[in-house]
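In what follows, a single structure is set out as structure tokens and then discussed.
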Amino acid sequence: MNAPNTPEQQAMLDRFVRQNKLFYGPDPAIMENHRIEARSALEERLLSAPVDAHKVNEVRGLITAALDESNTMIEQMGAAPGAKWGDMTTGIFTAAGDLSMIAPYGVGGFAAAVFYPIKFVNKYWTHEPSVGVHDGDGFIHNDARYGGIHNTDQSMMMPIFWNEKLVCWISATIHEGENGATEPGGMPAAAESKFDEGLKMSPFKVVEKFELKRDLVTFLQNSVRDPKLQLEDMKVRLHSCLRLRERVIKVLEEYGEEALIVTLRKNIEDVVEEVKRRIREMPDGTMRTMSFADSTLRESALLKLNMAITVQGDKLTVDMRGSSPELLNRSINACQASFKTMLYSGWMQNVWPDLPFTMAVFTPFDFIFDEKSIINGSFDTPQAMSLIPLFKTMTIASVPMAKFNYSLPVRYTAIVAPQYDQPATLIYGGLTQHAEFTGNFCADINGMGQGGRSHRDGEHSVSPPFAAHCDIGEIELMEEDLPLVRLGAFTLTKDRVGFGKQRSGMGYEQIHTFRGSAMWGYMTGCSGSLFPSSQPLFGGYSSPTYPLCKIKNTDVFEQLQKNPERVPFDIIKLMNEQPIEGAAYSTHPMAMTFELAAPGEIYMMCQGAGGGYGDVLQRDPASVMKDIEEDLISHDTAREIYKVVFDAASGVIDEVATAKARADERKARMKRGVPYDKFVKTWNTPEPPVNLPYMGCWGDDVSEVYGVMMGQRVKMSGAALQSQFMLNPKDVYIASLEAQVAAFKKAEAGAKAAGAKKKAAPAKKAKKK
Amino acid sequence: MKKVLITENLRIDLDTEKWECRSCEAELIGARENYKRGLLVHNRDPREIHKPLLDPAKYELTYAPNPDWCRILEYYCPKCGSMIETEYLPPGHPPIRDITLDIDALKAQWKDRPEVSVPPADKDTRQRIAHGGQRAARMFTGEEK
Ligand SMILES: [Zn+2]
């Protein structure tokens with residue numbers, strides 16, 4: 001064996017490796033580490049001494065106000081629709097890059113992902129002579145592989161120096177939308193490789209001496225469909241950061257750098273201690289759950305997210321083994337850093353909303369993933385529509401954590417069933433009435449119904465599952481900028497609700513059309529049209545499934561001019577009554593790659609309901625009648641699901657008959673129910689149904705995972721997942737048509753050979769996607 | 001006789017080490033067992049609950065789940081018929097063991113905790129805020145006076 005290197009030799013070796021690195025890709029040492037860094041020597045010295053809690057409180061208050069101000073600046077000035085509806089935030093980080101605080105009304109997931117690229121800049125660009133990190137610099141980033149949720153979000157990250165020393169980082173992030181991907185709007189379902197995803201900015205310097213570098217800005221503008229938007233929001237993020245910087249400098253002048261450093265660090269250390277205490281307080285054990293997405297956005301497939309959370313003492317382990325393998329040519333993969341960020345966002349919305357918003361909450365957590373799973377996707381997978389697994393990620397922990405927390409003598413928030421978890425809205429693109437190209441998404445993404453809660457029903461259309469305060473925005477403002485017209489906007493979806501003792505909040509119907517554009521189209525990127533999205537809790541029912549409905553080959557504006565009374569703004573009536581003659585009515589899964597539409601054609605979908613909480617037979621009959629009064633459910637639902645007996649005309653409940661109907665139903669349940677051990681003998685199958693395109697483990701055993709490779713079912717070891725490659729849906733469709741043609745020809749030849757005069761029987765009609 | 005509430009519908013008696021139904025107080029099965037083994041199960045066609053709202057004669061998708069993709073397992077208390085749990089699964093997927101508790105650890109944890117027979121008042125917002133560090137947090141939860 002060679003003698004160990006001398007320090008000089010080692011330093012030379014390190015320098016050589018550093019100077020000859022071919023490509024600064026995402027660094028696993030950064031991307032797989034969600035924990036806060038160890039204290040710096042300075043932090044160690046400051047925090048070992050007594051800390052003035054009052055001073056910390058004052059500094060924290062000033063920074064919170066500054067974050068609020070800079071966030072409000074984005075909201076007021078931002079050009080992206082996402083900025084108008086609250087999909088943004090500003091944040092402040094320790095010098096090492098750990099997130100300490102975010103704006104009070106900011107989207108925490110954004111800031112909780114930005115610490116990854118800041119740590120990348122610290123590690124790689126600080127000592128890189130051609131880059132460097134200096135006062136007045138600003139860095140941009142959008143590629144989720146380096147930290148983030150998806151590459152439609154863009155961040156500005158700025159170091160703050162004091163006495164020529166880096167004391168902290170600040171950031172501003174906006175869901176920007178358009179990013180030059182293969183489809184407009186920044187969330188391409190059609191991306192088959194990462195090179196179809198549009199802009200993929202690793203962290204780089206785009207601001208020097210507090211000014212945007214116009215050559216780089218031009219390059220970025222040249223790479224997207226909406227160059228105006230790109231410039232405007234880069235300016236907005238820069239100036240929001242500059243204002244925040246100004247306020248932080250004031251704090252440094254007034255309180256000194258030590259007070260700032262102590263405050264930022266103490267904030268995260270206190271959170272770590274509190275989280276450990278909360279874990280200790282929970283019962284030891286393992287809670288399991290799973291969640292299914294039913295679409296790759298190109299074809300229907302059942303993709304499993306499998307979760308086991310184990311608590312032992314003050315350790316908490318999130319085990320995601322057994323989840324679906326990654327799909328090499330579908331855009332719905334997520335890397336593990338994105339997964340942790342969104343799990344965290346949902347956790348802060350539903351489990352511990354009272355904790356300060358810093359990623360330090362997860363520092364005591366351990367994670368276990370299979371390599372190459374859909375939520376631990378490798379570098380080469382497309383991830384532009386990571387929302388498919390990530391929206392499910394936001395709600396998945398609600399179920400196991402409810403089971404850990406129900407027994408606690410103290411609650412930090414209500415026990416709540418999962419919220420609806422699909423980005424159910426249209427993504428649009430084309431030429432506006434102002435003759436400008438654009439592409440973006442509608443804010444309905446923020447209108448999801450909440451799950452039922454232990455003490456009351458869920459709220460209707462309340463927020464996205466990642467930020468409780470996000471707004472839906474003004475339809476009228478949108479209609480000024482875009483050719484979109486909303487015929488039906490916020491009508492709650494009658495009978496489409498998670499039933500339970502406490503029912504879920506409901507979603508609403510969206511009836512979209514457009515006019516005034518010669519080129520306009522849509523895509524949608526949701527699952528949940530075959531298998532319900534929102535899981536129930538403690539014996540409630542889930543949300544229903546939701547289709548995309550279209551009315552084509554017509555111009556609804558002509559109809560509205562001629563016979564306005566014949567066009568109801570209600571999806572169920574429009575689809576069942578088909579009042580517009582000659583139009584083509586159809587339903588589809590809520591996953592559609594971009595297609596152009598004609599003016600006056602109608603596209604309809606729903607924002608969905610959350611999961612129901614508890615046994616429907618325990619719902620107060622008076623609450624059921626109130627749901628009828630509010631037109632949330634039909635009489636049939638009240639009678640058949642909730643077993644309430646009432647007078648249809650007056651709405652008066654027959655309490656005796658209701659009690660009897662419910663007692664009868666309980667008896668009927670006992671009669672039809674089969675003892676568990678006997679039930680599983682006939683229910684359990686050794687593998688998924690043959691015709692179900694299923695991906696993930698089957699049952700509790702995570703050692704074997706199923707996939708679909710080029711249209712064929714495959715089984716693999718969970719410890720050695722293979723990337724799956726999907727067939728082109730058009731090829732699949734062509735193959736089915738060719739099979740039909742072949743069958744026809746064969747039948748024809750057979751008929752001729754037999755000399756039969758009778759016409760051959762028509763071949764079985766191929767199923768359309 | 002100390003009982004610990006585990007879900008809206010289930011509790012564990014630490015002395016007898018049994019799962020119990022909170023509606024009828026019946027003993028279901030040993031607390032170290034999968035509680036589902038103490039229940040009745042029914043394989044429900046999801047269209048009976050999430051009924052087709054669009055005309056199935058006209059459309060393939062109707063707001064009702066696809067029964068070839070999804071079934072609802074309903075778990076009932078064998079003594080009173082309360083719905084203890086529901087589970088949405090693809091056909092034939094083995095039910096998951098959703099709750100496994102370390103009963104010895106649970107007993108130790110509750111040794112000095114007063115019994116909670118009614119769940120703590122659910123709150124929209126907390127009444128008291130523990131911003132005073134770890135000691136204040138312990139006072140908030142009652143771990144420290
Ligand atoms: Zn019972």
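Protein chains get the first letters and strands the later ones, always in sequence-line order, with residue 1 at the start of each.
Taking the six-membered ring where tryptophan is involved, the planes of A/Phe499 and B/His50 are essentially parallel, since the angle between them stays under 30° and well short of 60°.
The closest side-chain heavy-atom distance from A/Ile641 to B/Ile49 is below 4.5 Å. Between B/Tyr75 and A/Tyr676, the closest side-chain pair of non-hydrogen atoms falls below 4.5 Å. Between A/Pro693 and B/Trp69 there is a side-chain heavy-atom pair separated by less than 4.5 Å. Put simply, the side chain of B/Pro95 reaches to within 4.5 Å of the side chain of A/Asn684, judged on heavy atoms. At least one side-chain heavy atom of A/Arg669 sits under 4.5 Å from a side-chain heavy atom of B/Met83. For the pair B/Trp110/A/Pro409, a side-chain contact is recorded, criterion being any heavy-atom separation below 4.5 Å from C-beta on. Taking 4.5 Å as the limit, every side-chain heavy atom of B/Arg11 sits out of range of all side-chain heavy atoms of A/Tyr406. Taking 4.5 Å as the limit, some side-chain heavy atom of B/Leu61 sits within range of a side-chain heavy atom of A/Pro589.
Atom CG in A/Asp495 sits 6.0 Å away from atom CG in B/Leu53 (nearest 0.5 Å). Here the straight-line distance linking atom CG of B/Leu40 with atom NZ of A/Lys671 works out to 13.5 Å at 0.5 Å rounding. Separating the CD atom in A/Gln578 from the CG atom in B/Asp55 is a distance of 8.5 Å, to the nearest 0.5 Å. Note: A/Lys403 NZ to B/Leu101 CG = 11.0 Å, rounded to the nearest 0.5 Å.
A/Ser300 touches chain B through backbone and side chain together, each having a heavy atom under 4.5 Å away. Heavy atoms closer than 4.5 Å to chain A are found in the side chain of B/Val116, but not in its backbone. For A/Pro675, the parts sitting under 4.5 Å from any heavy atom of chain B are the backbone and the side chain alike. The part of A/Phe679 that comes within reach of chain B is its side chain, from C-beta onward, which places non-hydrogen atoms under 4.5 angstrom from that chain.
Side-chain atoms of A/Glu665 do not come within 3.5 Å of backbone N or O of B/Gly81 as any donor-acceptor pair. Using modelled atom types, one side-chain atom of B/Asn9 and one backbone atom of A/Phe538 make a donor-acceptor pair closer than 3.5 Å. Side-chain N or O atoms of A/Trp683 include one that pairs as donor or acceptor with a backbone N or O of B/His93 at under 3.5 Å.
Closest non-hydrogen pair, B/Pro91 versus A/Trp698, comes out as O-CH2, 3.5 Å. For the residue pair B/Tyr63 and A/Cys549, the shortest heavy atom distance occurs at OH-SG, 4.4 Å. Minimum interatomic distance between B/Pro90 and A/Leu302 (heavy atoms only, all atoms of both residues): CG-CD2, 3.7 Å.
Looking at residues two or more places apart in sequence or on another chain, you find a salt bridge (charged side-chain N to carboxylate O under 4.0 Å, His left out) between B/Lys107 and B/Glu17. For B/Ser82, the side chain to side chain donor-acceptor pair (under 3.5 Å) criterion is met by B/Ser23, not counting sequence neighbours.
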>> With side chain to side chain contact (heavy atoms under 4.5 Å, CB included) as the criterion, how do B/Leu54 and A/Asn576 come out once you've worked through the C-alpha distance, each side chain's angles and the decisive distance to 0.1 Å?
In response: CA-CA 6 Å; B/Leu54 300 182; A/Asn576 283 342; 4.0 Å; yes
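Crowding of B/Lys58 atom NZ: a count of heavy atoms from other residues, nucleotides or ligands under 6.0 Å exceeding 12. Around atom CD of A/Gln312, no more than 12 heavy atoms belonging to other residues, nucleotides or ligands sit under 6.0 Å away.
Counting heavy-atom pairs under 4.5 Å between each of B/Thr100, B/Val4, B/Asn66, B/Leu39 and chain A puts B/Thr100 at the top.
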